[in-house]
Novice: 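Structure provided below as C-alpha cells; questions to follow.
Numbered from 1 within each chain, the chains take letters A, B, ... in sequence-line order. These values consider heavy atoms only, across backbone and side chains, with no hydrogens, waters or symmetry-generated copies.
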Amino acid sequence: MAIGTSTGLGSAPADGASLLPVPDAAGRRMRLQLPRSPKVLIGLAMLAVFLIVAVIGPWIAPYNPSRSFSATASFPQAPSAAHWLGTTQQQQDVLSQLLAGGRSTVLVAFVAGLVATVLSIVIGVTAGYAGRLTDDLLSMLANFFLVLPALPLLIVIFGFLKTAQGGHDLLIGLVIAITGWAWGARVLRAQTLSLRNRDYVESARIVGERGWRIIGFEILPNLTPIVASSFLFTVLYGVGTYTALAFLGLVNPNHWSWGGMLFYAQVAGAEQSGYWWLFIPPGIAVALLGTSLALINFGIDEFINPRLRVAGLSRRRARRAGVSGLPKRFVLGVTPVVRQDLAAAADGTPGWGPGGRAPGGPAPGAGSADLISASGHAKSRRWRRGGGQ
Amino acid sequence: MTELGVTAQPPATGTPLLEARHLTKHFPVHQALRTARRRLRERPAGAAAAGRPVVHALEDVSIALPRAQVTAVVGESGSGKSTLARVLARLLPPTSGELLLDGRQMPASGAGRRRYARQVQLVLQDPFSSLNPVHDVRYHLARPLRIHGLGENAGSLEESITSLLERVSLTPAGQFASKYPHELSGGQRQRVAIARALAVRPTVLLADEPVSMLDVSIRLGLLNLLSDLRERERIAILYITHDIASARYLADTIAVMYAGQIVESGPAQQVTDEPAHPYTQLLLSAAPDPERAGPPVLAARGSPPSLVSPPAGCRFHPRCPHAMAICADRAPGDFDVAPGHAAACWLHAKDLDPAQAGPIARPPAGQPPAGQPDSARSSAPEPGEETR
C-alpha cells in the first residue's frame, strides 16, 4: 500500500503523482504547463521559426532550388547580392535550397516522432498494464528493436526505396519511426508499471471501470510529460537520422533537404576548397533545429523532475530576494535554532555576508533578504559553519 | 468445529449480506535463484518438496457482514486485514473459499464484476493516493454513476453529485465538485473517496483503515459518518483498523486477526471487556489508556511470525504467555466462550489431558509430545523447518 507523501516539503511532494500537470490556482482544466524559463521560451521561439519556414519556405525561396544559373561557371560562387548564400557547383541558389529543404526535414522528423510516439504508447502502456505474458512478448519486441543497429538497417531499407519512391517524406518518416519507437516504449512501460498499482487505479477498478478506460483516462493523463518528452526526443532522432541518410546519398537527390545539401557539398569537396557557404548554412539549420527541441525537452525535464524544479524555483526566488550564490537546501526535520554564541562569533566575520549576521538584531538595510534567509534552513547551517571558523 | 479460524458470527440472525467462507489467499514468493538453491540445500533429504514457497496471507477466514451492522477487523500490520478487504472487494481472487453476496455466488465475468461493484464498495486507506490527481472531484463522483447507469442526463447527474457531497458534509457542494485532489485536505479527500463509494448506493461498504492516515481531529467525524450510514442507509460495513479503541467505539462485532487467521470474534463490548484470546489481551494491553499510569505492562513480546513458513499449530504460540504443549502441535478450532463470542485458543478447550496442557517443549522443532496423533488437518506447511 502506498504511503502518503504529501507531508513533504509543501510545493514538492516526492510522490510520483506530483510529476503531474499542476492546475493553475483558479482550478481550471489541467494542462501541461512548461516552466517559463528562458531556455524553454527560446526553444519554443526557435521551433516556431523552423515550423514557419517549413510551411512557407518553398514559396518564399527566391529561385527554384534546382535551377542552374550558368552553364559556363564551374566553381561554386561566393555569396553575393543576387545569391545571398552563394551558389552550388551546379550554379543553384543555396538560399533557395535551404528554404525549400526545411519542409522535407521538418516533415520527416515530425512524422517519425508522431508515428514512433503512437507506437511506443500502444506497445509500452499495453505491456506495462497487461503484465505477464503480454508484457514479456512486447518487451522482447521492444528490446529487439533497441539492439537492432538502426543506421545500417535504414541504409538497407533505403537502398530498396531509392529507385521507387525515395523522395516520399511520409514513407521515410514511417521507416525512421520503426527504428525509433522502442526507447519510448521502454520508458512508458516502466512508468505504467509503477502507476498500475496506484490506489487510484485500484479505486477505478473497484468502481467498475473497464480496462481500456483505466488505461486511457486514469493512467495515460499521468504519463503526459513523459509522452511529450519522448515525442521531442524522437523528433530529434528523426532530424538526425534523416539528415544522415540524405548525407549518405540514400534519398532521392532531386528531393531537397538539408542532408541532401550536405551530400552535394561533400561531392563538391566544399571543405577542402573552402566553399563554406555550401555546408555551413544547412549544418547550422540542423543544429539549431536540434537545439530548439533539446531546449524544450529541458523544460519538460524540469517539469517531470520535481527536484530540478524545486532547485530552480528556490534559486530564482532567492535571486529575486537579493540573495545570490546561497546554496539553499531543504533539510527535512531540521528546525532552525538560533545559537547565540555561534551567531555572535559569526557577527565578526564579514566574509559570510548577510548570512553571518546575528538574527537578533539585523542590520538596518538588510531588508527582506535577511529575513528570508534568517528563517531558512540554509541559514542555520551557515551559522554552524561560521562558528567553526 | 472442523475449521481452523473462528467464524465472525453476528448476534443478529438472517442471511448476512456478504459472507466469506473459508477464504484462503496465498501469494507466491518470487525469490532469487540463489535463495531457492540455498533452501533446497538446507532442506532435509527426507522432507517432501513443498513446491514453491507462498505467503500465507489469509488462512481459512470466514466472516459474515450482516445488514445495518459494523463488523470491525482488528490486528497488527501484516495480519492480512487489507488482503481480506481486497479479496472481499474482488480486487484479488482468493486461492480457495467462496464469496456469497446475498447468499449467491457472483460470476467472475466482466458483467458479474460490475454487478458486484454495484453492491460492494471499498474505501482505501490512503486518501492521498486513492484519487487521481488529474481528475476533479466531479469526475471522481460522476464515473460510478455513469458506469452503473445512475445518472441518465446531465441535470440528474449534477444533482446526485451535489447530494453525495452534502452527505459527506463537503459543502458548498458546487465549489467542492470542481476542485482537484491536491486542493483538498486529507480528511476532505477521504470524504470524497467515501462519497465515491456511496455513489452507487452500495449495500456493503468495506473500509480499509479509513481513518488511520487522518489527523486525530477529523477521525471522529468520519467514524460518525460511518455510524450514520449504518443507521440511516442500513449498510453492512466492514471496518478494518489496527486501533481497537475505535473499533469498540464504532463496531457491533469485532473480529481479531493474527497472522492471516481470525483468532477471536464476538460482540464489540464483550471482546474488549473480556478478551478470551491471549493475543486480544495483548492487543488491548498495548492500546493507549489515559487512566493508566506508567508504560503498559505487556504479557508477551516479539513480532508476528513469518507468513511464508508460519509456526506449526497455533500461529500465536511462539509469543503466547500461556503456551502449552498442544499449542505447538495442533491448530485450535474455535471454542465458544459466550454466546456469539468465540476464540481459537486451546485455553478454552474443555477436556485437555495433562500431557497436552503441560509446559511447551522449546524449541518445538520436530518434538511432538508422545500420544499426539498427527492431525491431518494440521495446516503447518513444513514442521521440520520450524526453528522459532
Side-chain angles (χ1 to χ4, degrees), chain A residues 1-8 10-33 131-132 191 194-227 306, chain B residues 77 82-83 85-86 89-92 110-111 113-118 120-137 139-148 175 177-186 189 192-193 196-197 199-200 202 206 208-209 212-214:
Chain A
M1 187 154 299
I3 310 281
T5 51
S6 66
T7 50
S11 63
D15 190 19
S18 66
L19 313 184
L20 308 170
V22 174
D24 47 11
R28 270 180 269 128
R29 197 77 199 145
M30 197 160 295
R31 59 175 184 266
L32 190 79
Q33 279 187 323
R132 294 166 189 269
Q191 188 62 18
S194 119
L195 290 182
R196 63 179 278 220
N197 286 327
R198 290 284 161 88
D199 279 0
Y200 57 80
V201 175
E202 292 223 309
S203 297
R205 236 175 260 147
I206 295 165
V207 159
E209 294 275 21
R210 288 178 206 282
W212 66 266
R213 233 199 113 102
I214 291 180
I215 292 181
F217 288 81
E218 307 288 335
I219 292 180
L220 210 51
N222 286 309
L223 294 172
T224 318
I226 295 178
V227 170
Chain B
S77 303
S82 291
T83 307
R86 271 150 211 262
R90 297 196 27 179
L91 277 180
L92 295 172
R113 251 191 56 220
R114 286 194 164 207
R115 278 222 305 283
Y116 194 83
R118 175 82 173 72
V120 181
Q121 281 290 313
L122 170 64
V123 177
L124 292 170
Q125 173 181 13
D126 181 4
F128 293 96
S129 65
S130 66
L131 302 176
N132 195 334
V134 301
H135 296 312
D136 60 4
V137 171
Y139 179 90
H140 280 107
L141 298 181
R143 281 312 297 165
L145 294 169
R146 285 233 175 83
I147 292 169
H148 299 284
Q175 202 179 323
S178 48
K179 287 201 173 189
Y180 284 88
H182 75 272
E183 298 172 289
L184 303 176
S185 71
R189 289 183 198 206
V192 172
R196 169 172 61 183
V200 299
L206 312 170
D208 184 4
E209 306 206 28
S212 70
M213 303 282 292
L214 302 182

Novice: Taking it one step at a time, do B/Q125 and B/S212 satisfy side-chain hydrogen bond (donor to acceptor under 3.5 Å, both in side chains)?
Specialist: CA-CA 7 Å; B/Q125 173 181 13; B/S212 70; 3.0 Å; yes

Novice: Whether the side chain of A/D199 engages the backbone of B/S129 through a donor-acceptor N/O pair (distance < 3.5 Å, no angle test) should be reported.
Specialist: no

Novice: Look at B/K179 together with B/E183 and state whether they make a salt bridge at an N to O cut-off of under 4.0 Å.
Specialist: no

Novice: Heavy-atom distance under 4.5 Å to chain B: side chain of A/R210, backbone, both or neither?
Specialist: both

Novice: Which residue out of B/S130, B/P181, B/A117 racks up the most heavy-atom pairs below 4.5 Å with chain A?
Specialist: B/S130

Novice: Chain A heavy atoms under 4.5 Å from B/Y139: which part of the residue, side chain, backbone, both or neither?
Specialist: side chain

Novice: Please check: side-chain N/O of B/H148 versus main-chain N/O of A/V207, any donor-acceptor pairing under 3.5 Å?
Specialist: yes

Novice: Report which part of B/L131 has an atom under 4.5 Å of a heavy atom belonging to chain A: side chain, backbone, both, or neither.
Specialist: backbone

Novice: For the candidates B/R113, B/R196, B/R90, B/R118, which exhibits the highest count of non-hydrogen atom pairs separated by less than 4.5 Å from chain A?
Specialist: B/R196

Novice: So, does B/H140 use its side chain to make a donor-acceptor pair with the main chain of B/A193 at under 3.5 Å?
Specialist: no

